Structures are given as structure tokens and as C-alpha cells.
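All values derive from a computational prediction rather than experimental measurement.
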Amino acid sequence: MTRAVRAFWFTSAAGGEVRSAQVAAPRADEVLVRTRFSALSRGTESLVLRGGVPASQQDIMRAPYQEGDFPWPVKYGYLNVGEVLSGPAELTGRTVFCLYPHQTEYVVPASAVTVVPDDVPAARAVLAGTVETAVNALWDAAPLVGDRIAVIGAGMVGCSVARLLSRFPGVDVQLVDPDPDRAEVADAFGIRYATPETATGDLDLVVHASATDAGLARSLELLGREGTVVELSWYGDRQVSVPLGENFHSRRLTVRGSQVGTVSPARAARRSYGDRMALALRLLADPAFDVLITGESAFAELPDVAARLADGTLRGLAHRITYP
């Protein structure tokens, strides 16, 4: 037997459409999930929407349950929370997170879902994929007690990194972004907000997530001697200018890439992908993360939401999608 479902597809740089599909009944080692919430990953999904995934990265950039090929049409997304309708007894009826696109129901291996802890609201749990990226970044960055740190770029990932850093003992962290509205996020996290011009320098560590040349240049300017920039930005097919003159050599600075597709080498010997996702969900018991949800729409409105994402009129951070 199959079930009729609906899924959202990106079909052009101008937006997308809801399509009908069928899913088969789950096998013994699978689960059938009914989606309750999903969320638009604004940075990555904006890049996918504009067709900005370079040919060399199209296989690497595939979402776990993506259908179609870049640039379009493509069913893409990875922030999904739902209820298990059928599957193994220990999962049936549980609320779970899965790296699945925007679809009303779906079938995946039982190993692909992570149970949402009882103290984490399902509506907040859609941030798990973003917080997982932040966890991996901090495993790569290895901040120390008392460090002076800036997070440049207050998007979903940058803000998630800033919140986790705010809980490190003795750390002085500033959230840097040209948008003054991000001061509200910094206030909710109990940290300082600064514009790129007013940010404090002589830093031990900068986490860069603005996906701009100017942000990367400012990251290097703010570092003290022997400091490190951890680069989280995904630039897609854009060429990026990195200023390796001025203080780069004299201060012995480091630029290090971090990407969630691989568990950080700092923990890969002892942590699996499942361990990392379970940790991200546990961290979402923190209600301060609610400040990252800045909009909400119904599933049927996704074509309009995508069009607003394409033309730049959909602003804010995470945009949550509700399902009937």
C-alpha cells in the first residue's frame, strides 16, 4: 500500500511549488513520520534557490533525502520534526527530528530519526540541524576558558554558535552584524552586540558566518597574535577575496574551514553523527533559542514563502513551517 503525500520542490530561482507524491508502507526497520514542523534554512536554501551550488560540489551538497538534481527542480531541506505513526515499538508515537525536506509524510530508516527529548518543544526542535552545525564548529574551534571571541554574521548558524559560546565559563563573546535588529538576539543570549565598525579586537578566536568578503576581512583584522578564524560561511559558486597581506603573516593568523558534513576530527573517534544530533537536541532545552524563530507560515503557503525568499522580502532568521 502507498500513501498520498505532498512535498515542496524548488523549481527555479523565482521559487517553487507543492507537488503530490506517494510513499510506500514502512518495512520492519523503517518508520512512517507525519511532519509537524519544518524550517527554511535561509542561508543554504537561498543558495539552492538561486542555483548557486557549483558543479564540483553538487554531490557533496545533496541533502540526505533530496530528490532531483541541482540546480532545479529539486526537493531540498533538512529541518523536519514529526510524529512517528508506525515503526518499531520504541519509536511509535514519539516526536522525532529528521534531516528531511518539506513534505507532509515520509518513510525513512529508523536509524535516520532522533527522538526529541521531552523537555524540548517540537516547534523549537526544528533548529536541531542548525545547532548541530554550531556544535561541530565549536568542536573544530576548541575555545578555551576566558577566551575573547567574536561571532561575525548573525544568521541562524552564527547566532547558534554565539548562544553556545555564551555558556562557556569566563568567555567574552560579541555578536557582530551590521543589522541593528540582531541586538535583540544578543540581549536574549546575554552577550554583547556590535557592528563591524564597533567590534572589539585583539581576539583569540573569530567564528565567521556572514558569507561576505567584508566579514572575512574584518574577522582577520580583529584577531590578536596567533589567533584563528573558523570559517563557517558557505559561498557556493561565488569567488571570495581573502586579505592575506597586512597582519596575516606578522601575527601568524590561521583561517580554518568547518563543515557539518563530517564530524570534527577532534571528536570523530568517539562521536557518531547520531551522537552529535542527540547532543544538539539536548541543547535545545534552552528556551533562549526561541528568539531565532522569526516567522511562521503554513505548508500550503510555501510557494509564496519561497518567492519572498527569492526576492529578498522574507527577512529575519529561521522561518518555521506548520503542517495540517
Side-chain angles (χ1 to χ4, degrees), residues 5-23 35 38-80 97-109 112 126-130 132-133 136-137 153 155-158 208-213 215-216 231-241 257-263 273 277 297 299 301-314 317-321:
V5 301
R6 291 176 294 155
F8 181 74
W9 287 67
F10 294 105
T11 56
S12 74
E17 64 186 23
V18 174
R19 296 181 175 181
S20 298
Q22 300 285 325
V23 296
T35 304
S38 65
L40 285 165
S41 175
R42 290 175 51 85
T44 304
E45 288 180 72
S46 292
L47 187 146
V48 170
L49 179 59
R50 71 173 177 83
V53 179
S56 65
Q57 298 298 302
Q58 289 184 357
D59 288 339
I60 295 172
M61 278 292 293
R62 288 189 70 87
Y65 296 100
Q66 174 180 323
E67 293 182 34
D69 297 309
F70 298 119
W72 317 284
V74 62
K75 186 177 78 174
Y76 191 90
Y78 52 87
L79 301 173
N80 188 299
F97 178 87
C98 185
L99 297 168
Y100 204 89
H102 311 283
Q103 185 164 305
T104 54
E105 294 181 4
Y106 54 91
V107 172
V108 293
V126 291
L127 297 173
T130 305
E132 181 191 24
T133 302
N136 206 61
M156 289 172 62
V157 171
H208 180 237
S210 81
T212 65
D213 293 44
L216 180 54
E231 177 60 273
L232 287 181
S233 302
W234 171 240
Y235 298 93
D237 58 358
R238 290 190 292 119
Q239 296 294 313
V240 180
S241 174
S258 178
Q259 205 270 343
V260 73
T262 300
V263 174
Y273 289 96
M277 180 60 75
S297 300
F299 174 78
E301 298 175 279
L302 262 172
D304 176 66
V305 171
R308 290 164 54 205
L309 186 64
D311 66 19
T313 58
L314 181 67
L317 293 167
H319 195 88
R320 186 166 56 210
I321 305 300

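The side-chain hydrogen bond (donor to acceptor under 3.5 Å, both in side chains) test applied to S258 returns D140, not counting sequence neighbours. A search for ring-ring contact (aromatic ring centres under 6.0 Å, His included) contacts involving F299 returns Y323, not counting sequence neighbours. Taking the side-chain hydrogen bond (donor to acceptor under 3.5 Å, both in side chains) definition, one finds that Q239 meets it with nothing, sequence neighbours left out. For E17, the side-chain hydrogen bond (donor to acceptor under 3.5 Å, both in side chains) partners are R19, not counting sequence neighbours. Remark: Y78 engages no residue in a ring-ring contact (aromatic ring centres under 6.0 Å, His included) (not counting sequence neighbours). Partners of R50 under the salt bridge (charged side-chain N to carboxylate O under 4.0 Å, His left out) rule, at least two apart in sequence or in another chain, are D237. With sequence neighbours left out, E105 forms a salt bridge (charged side-chain N to carboxylate O under 4.0 Å, His left out) with R3, R34. Taking S20 as the reference, nothing meets the side-chain hydrogen bond (donor to acceptor under 3.5 Å, both in side chains) condition, with sequence neighbours excluded. Take R238 and apply the salt bridge (charged side-chain N to carboxylate O under 4.0 Å, His left out) test, not counting sequence neighbours, and it matches no residue. Scored by the salt bridge (charged side-chain N to carboxylate O under 4.0 Å, His left out) test, E301 finds no partners at all (sequence neighbours excluded).
Minimum heavy-atom separation, A13 to A310: O-CB, 3.2 Å.
Each of L309, T11, V74, T44 was evaluated against L49; a single residue qualifies, L309, per the side chain to side chain contact (heavy atoms under 4.5 Å, CB included) test.
Side-chain contact of E45 with H319: a donor-acceptor pair under 3.5 Å is absent, judged by distance alone.
Listed by first and then second residue, the ring pair (Phe, Tyr, Trp, His ring centres under 6.0 Å) pairs that reach into residues 38-68 are Y65-Y100, sequence neighbours excluded. Residue pairs satisfying the salt bridge (Lys or Arg N to Asp or Glu O under 4.0 Å) criterion with at least one member in residues 52-71, sequence neighbours excluded, are listed as follows: R62-D69, E67-K75.
Summarising the geometry, atom CG belonging to L216 is positioned 4.5 Å from atom OH belonging to Y235; distances are rounded to the nearest 0.5 Å.
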